[in-house]
Amino acid sequence: LYYLRSQIQTNPSAEIQDLRSALLNNLENEQALFAIARAYLRAGDMRSARRYAAQAKSFLKPGEKLPDDLAKILASVE
């Protein structure tokens with residue numbers, strides 16, 4: 001529910017809060033992890049974006065790749 005609500009938020013802070021709530025309900029919610037990483041990226045918070053992108057990466061199945069926008073932010077630190 002929180003993930004879906006985050007998709008219609010127009011306020012970036014409210015979007016991030018909804019995504020945090022979605023992750024509190026299910027820490028393995030891959031969609032919420034990708035979305036919150038992108039939300040932090042849009043907000044200019046690279047540290048948080050990297051943290052959530054790294055978490056999202058850890059849930060990928062063998063052979064799956066991280067989306068390019070999130071892979072770039074992780075590559076910038078490696």
Side-chain angles (χ1 to χ4, degrees):
L1 179 63
Y2 290 111
Y3 170 75
L4 294 175
R5 189 170 75 179
S6 76
Q7 301 303 295
I8 60 170
Q9 290 288 359
T10 56
N11 178 323
S13 296
E15 176 189 10
I16 289 171
Q17 186 57 46
D18 281 344
L19 291 166
R20 286 173 142 184
S21 295
L23 290 169
L24 285 174
N25 285 329
N26 178 5
L27 293 173
E28 297 180 10
N29 184 335
E30 293 175 46
Q31 290 178 320
L33 285 168
F34 287 128
I36 199 168
R38 286 185 176 110
Y40 277 118
L41 184 60
R42 285 190 304 276
D45 185 344
M46 292 300 289
R47 183 176 178 193
S48 295
R50 281 187 198 107
R51 184 179 70 195
Y52 285 106
Q55 287 179 336
K57 183 179 178 181
S58 72
F59 287 107
L60 293 176
K61 295 167 185 60
E64 285 185 324
K65 293 178 77 178
L66 200 59
D68 288 342
D69 58 338
L70 299 181
K72 284 179 187 175
I73 62 171
L74 288 181
S76 68
V77 229
E78 295 174 348

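The side chain to side chain contact (heavy atoms under 4.5 Å, CB included) search around A37 returns Y52, A53, L70, not counting sequence neighbours.
Between atom CG of residue L41 and atom CZ of residue R50 there is a gap of 9.5 Å, rounded to the nearest 0.5 Å. Taking CG of D45 as the start and CD1 of I16 as the end, the distance is 7.5 Å to the nearest 0.5 Å. Atom CG of D18 sits about 4.5 Å away from atom CD of Q9, to the nearest 0.5 Å. Rounding to the nearest 0.5 Å gives a distance of 8.5 Å between CD of Q17 and CD1 of I36. Going from atom OG of S48 over to atom OH of Y40 covers 5.0 Å, rounded to the nearest 0.5 Å.
Taking 4.5 Å as the limit, some side-chain heavy atom of E15 sits within range of a side-chain heavy atom of R42. The closest side-chain heavy-atom distance from Y3 to L19 is below 4.5 Å.
Note on L74 and M46: same hydrophobic cluster, where clusters join Ile, Leu, Val, Met, Phe, Trp and Tyr whose side-chain heavy atoms are under 4.5 Å apart, directly or indirectly. Placement of L1 and L23 in two distinct hydrophobic clusters is found when ILVMFWY residues are connected by side-chain heavy-atom separations under 4.5 Å, directly or transitively.
Nearest heavy-atom pair across A56 and L33 is CB-CB, 3.8 Å.
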Sequence neighbours left out, cut at 3.5 Å: what donor-acceptor pairs do the side chains of residues 60-68 make with other protein atoms?
unit_1: E64; atom_1: OE1; unit_2: K61; atom_2: N; d: 2.8

